[in-house]
Structures are given as structure tokens and as C-alpha cells.
Q: 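I have a structure here, written as C-alpha cells, and I will follow up with some questions on it.
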Amino acid sequence: MKMIDYYMGLPYRMEIIPDAEEGGFVVRFPDLPGCLTIGNDLYEALNQAEDAKRAWLTAALEDGVEIHEPESLNTYSGQFKLRLPRSLHRALAEHAKTEGISMNQYCLYLLSQQDAIRNA
């Protein structure tokens with residue numbers, strides 16, 4: 001039987017979400033459904049995050065709820081294959097050339113930028 005210290009030591013992914021309506025920040029752990037906390041500022045939210053995680057894990061252990069371990073980054077190779085229309089391929093290649101970088105670097109930049117906007 002795994003104990004609380006085992007689970008607390010695992011690298012659970014933490015998401016920090018600004019609360020535009022109320023102010024402050026929400027912190028949640030996607031691998032621990034319903035485990036979240038809020039804070040008036042980032043410092044407070046992060047401090048409360050570990051307490052929230054410990055409380056969630058303790059309750060799950062006491063109630064016999066299955067606790068999923070976080071996915072390892074080793075599961076991901078960092079590569080994927082993407083099919084796209086020829087016109088988009090040409091446009092991306094031309095933009096990359098204008099920027100003086102490879103198309104791979106340009107696409108990585110675009111994906112990173114969009115992901116940052118989505119998660120803001």
C-alpha cells in the first residue's frame with residue numbers, strides 16, 4: 001500500500017490560472033480530479049497548492065479512491081507527423097525563410113505562441 005509521502009513526492013502537473021473575474025489565481029492538479037485551490041496572489045496560491053494536494057491525497061487514501069500517478073514525460077518523443085495542405089506548407093516555408101529560420105523552428109514558434117495564448 002502506497003502512503004501519502006509517496007504520492008506527495010510524485011511530479012504531478014500543476015496548472016496556474018489567473019482568475020480574471022475575481023482576481024487572484026486558481027491552482028489545479030489535472031491528474032487529481034477536483035484538487036484545486038485559490039489565492040489572492042501567486043505566492044498565496046502556490047503556498048496553498050501543496051496543502052490542497054496533501055488534503056486531496058489524504059482523503060482519497062482514506063476513502064479508497066484510486067489515485068492515478070502522473071504521466072511521465074518519457075512517454076512523449078517530442079516528434080509527431082502532420083499532414084497539411086500544400087498551400088499552407090508553402091506559406092509556412094516562405095514565412096520561415098523570411099525569418100531566416102527553418103520551417104521546423106518556425107512551426108514550433110507558432111505552436112508555442114498559440115499554446116501560451118490558450119493557457120493564459
Q: What donor-acceptor contacts under 3.5 angstrom involve side-chain atoms of residues 49-57, with partners at least two apart or in another chain?
A:
unit_1: Trp56; atom_1: NE1; unit_2: Pro33; atom_2: O; d: 2.9

Q: With clusters defined by side-chain heavy atoms of hydrophobic residues (ILVMFWY) lying less than 4.5 Å apart, directly or transitively, does Ile4 cluster with Tyr12?
A: yes

Q: Specify the closest pair of heavy atoms between Phe25 and Ile16, including all atoms of both residues, with the distance to one decimal.
A: CD2-CG2, 3.9 Å

Q: Looking just at side-chain N and O atoms, do Tyr6 and Glu69 make a donor-acceptor pair shorter than 3.5 Å?
A: yes

Q: What is the minimum heavy-atom distance between Leu61 and Lys2, and which atoms define it?
A: CD2-O, 3.8 Å

Q: List the steps and the verdict of side-chain contact (heavy atoms from CB on, under 4.5 Å) for Arg28 and Ile17.
A: CA-CA 8 Å; Arg28 71 183 203 103; Ile17 306 156; 4.0 Å; yes

Q: Which atoms form the tightest heavy-atom contact between Gln48 and Thr37, and what is the distance?
A: OE1-OG1, 3.4 Å

Q: Below 3.5 Å, can you tabulate the donor-acceptor pairs from side chains in residues 90-100 to any protein atom, sequence neighbours excluded?
A:
unit_1: His95; atom_1: ND1; unit_2: Ala91; atom_2: O; d: 2.9
unit_1: Thr98; atom_1: OG1; unit_2: Glu94; atom_2: O; d: 3.0

Q: Treating Ile, Leu, Val, Met, Phe, Trp and Tyr as nodes and any side-chain heavy-atom pair under 4.5 angstrom as an edge, say whether Met103 and Ile101 lie in one connected cluster.
A: yes

Q: For the hydrophobic clusters of this structure (ILVMFWY residues joined by side-chain heavy atoms under 4.5 Å, transitively), does one cluster hold both Leu84 and Leu110?
A: yes

Q: Return the set of residues passing side chain to side chain contact (heavy atoms under 4.5 Å, CB included) with Asn47 (not counting sequence neighbours), or none when no residue passes.
A: Tyr43

Q: When you compare the side chain of Leu108 with that of Asn104, does any pair of heavy atoms fall below 4.5 Å?
A: no

Q: To the nearest 0.5 angstrom, please state how far the OG1 atom of Thr58 sits from the CE atom of Met3.
A: 10.0 Å

Q: Shortest non-hydrogen contact from Arg13 to Pro30?
A: O-CD, 3.1 Å

Q: How long is the span from the CG atom in Leu36 to the CE atom in Met14, to the nearest 0.5 Å?
A: 12.5 Å

Q: Check for me, please, whether Leu10 and Met8 land in the same ILVMFWY cluster - side-chain distances under 4.5 Å, paths through other members count.
A: yes

